[in-house]
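What you are looking at is a predicted structure, and each value in this text was computed from that prediction instead of being measured. The sequence lines fix the lettering, A, B, ..., with proteins before strands; numbering per chain opens at 1.
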Amino acid sequence: MRLELSARPPFSLHQVIHSHGWPQLAPFLWDRASGELRRVERLATGRVVELRFDPTPEGVAVEVDTPLAPAEQAELEAKVDWMLGLGQDFSAFYAATRHEPKLAQAEALARGRVLRSSTLFEDVLKTIATTNTTWGGTIRMIDALVRLYGEPLPADPTRRAFPTPERLAAVDADSLRAEVKLGYRAPYVQGLAQAVASGSLDLEALRGSELSTPELRQRLLAIKGVGGYAAAHLLVILGRYDYVPVDSWARSLVAKEWHDGRRVGETEVNAAFEGWGEWRGLAYWCWDWAD
DNA sequence: GGTAGACCTGGACGC
DNA sequence: GCGTCCAGGTCTACC
């Protein structure tokens, strides 16, 4: 079946998909040949379905590989809305960027939205898997997590949904370390899964939370394995842009842009975007880098 | 509050 | 083929 959803303009499915590396992480699948984004998703009823995303003039069309009950369809529409940020409003950001040549194209290109997973649990776990490793390592870790613990797609059991907190909570940290190669992150992931599965941590409540950004950041920093960089990255995913996610890549970009390639630290990266106030993280994200 | 060292993996490099 | 070094953020202990 096919779902058609409209987005607040300007909207570009291409820009959302290519906003960062998430399409390369299972259970997303970026089909380079067809230029199509796919994802395996587990619904609340326990059914596992495949989604294919295609652009439409009003927003996005989602092809689902099987008919859905009305409740399943409503659930899926809400998930797609969240993943693509269909209702997000960047008009204030665009207004603030018109005087900055390096951001002047942001509105015309419909930049600002960041591809999200369907749950914050998945995005926190993926973000932890990006820290202190190479991108190739992140891809391997997430691929192994999905392959070993995700529920299979009936039409193609080689493809699986992202594992639920309950499933990962039932796996001991030693197995995560040995089989998923999570290394020292294994107890962090296991602890996070247990906290979410037991209900002691309601991660999903942070989506749309009315907490101030510093309070939200403190909630994220309280998660083992989430430090300054990871918290700032997750805040961007949550639609809060007060902090720049400073990692080695950000330092490299800022070094080339403003310091003739000389090594810079967190202080210089933050200083580069200090003037953007509540839009710091988005200005960094959308900057038209020289390199 | 700031800092040093440990954590873990995989890739690059030298032998 | 083997050993060593290094990069990548976060945590913990210590000052």
*asked:* Just N and O in the side chain of A:Ser248: are any of them under 4.0 Å from OP1 or OP2 of C:dG8?
replied: yes

Whole-Å distance, A:Met141 CE to B:dT9 C1', equals 7 Å

Here the distance between atom C1' of B:dC7 and atom CG of A:Asn132, to the nearest Å, is 8 Å

For A:Gly136, report the nucleic acid contact type (base, sugar-phosphate, nothing); a contact means any heavy atom under 4.0 Å.
nothing

Using a cut-off of less than 4.0 Å, is there contact between a side-chain N or O of A:Arg177 and OP1 or OP2 of B:dC8? yes

Phosphate contact (C:dA7 OP1 or OP2) by A:Arg251 side-chain N/O below 4.0 Å
no

Q) Which part of the nucleic acid, if any, lies within reach of A:Gly137 when heavy atoms closer than 4.0 Å are counted: base, sugar-phosphate only, or nothing? A) nothing

**Message:** Please tell me whether A:Thr56 and A:Glu4 have a donor and an acceptor in their side chains that are separated by less than 3.5 angstrom.
**Reply:** no

Out of C:dG9, B:dG11, C:dC11, minimum distance to the side chain of A:Arg140 belongs to B:dG11

Result for 5'-nearest mapping on DNA chain C, choosing between A:Arg263 and A:Lys224, is A:Arg263

- Side-chain H-bond candidate by donor/acceptor type, A:Thr66 with A:Arg47, under 3.5 Å: yes

Inset, instruction - Classify the side chain of A:Tyr184 versus the base of C:dG9 as yes if they form a donor-acceptor pair under 3.5 Å and no if they do not. - result: yes

Separation of B:dG10 atom P from A:Trp135 atom CH2, nearest Å, is 16 Å

Scan A:Ile223 against the nucleic acid and name what it touches under 4.0 Å (heavy atoms): base, sugar-phosphate only, or nothing. sugar-phosphate

Requested in this report: Look at all strands and tell whether A:Ala230 reaches a base, only sugar-phosphate, or nothing, counting heavy atoms closer than 4.0 Å.
Outcome: sugar-phosphate

In whole angstroms, the gap separating C1' of C:dA7 from CH2 of A:Trp249 amounts to 15 Å

The reported gap from CZ in A:Arg219 to CG in A:Leu238 (rounded to nearest 0.5 angstrom) is 12.0 Å

Rounded to whole Å, CG of A:Leu220 lies from C1' of C:dC11 at a distance of 17 Å

Between A:Glu100 and A:Thr97, a side-chain donor and acceptor under 3.5 Å
no

Inset, instruction - Using a 4.0 Å heavy-atom cut-off across all strands, classify A:Thr133 as base, sugar-phosphate, or nothing. - result: base

Item checked: Between A:Trp22 and A:Asp123, a side-chain donor and acceptor under 3.5 Å -> yes

Taken to the nearest whole Å, CD1/A:Ile139 to C1'/B:dG10 is 14 Å

A:Arg185 CZ to C:dG9 C1', in whole Å, measures 9 Å

Winner on side-chain proximity to A:Lys181, out of C:dT10, B:dG10, C:dG8, is B:dG10

Whole-Å distance, A:Leu192 CG to C:dT10 P, equals 15 Å

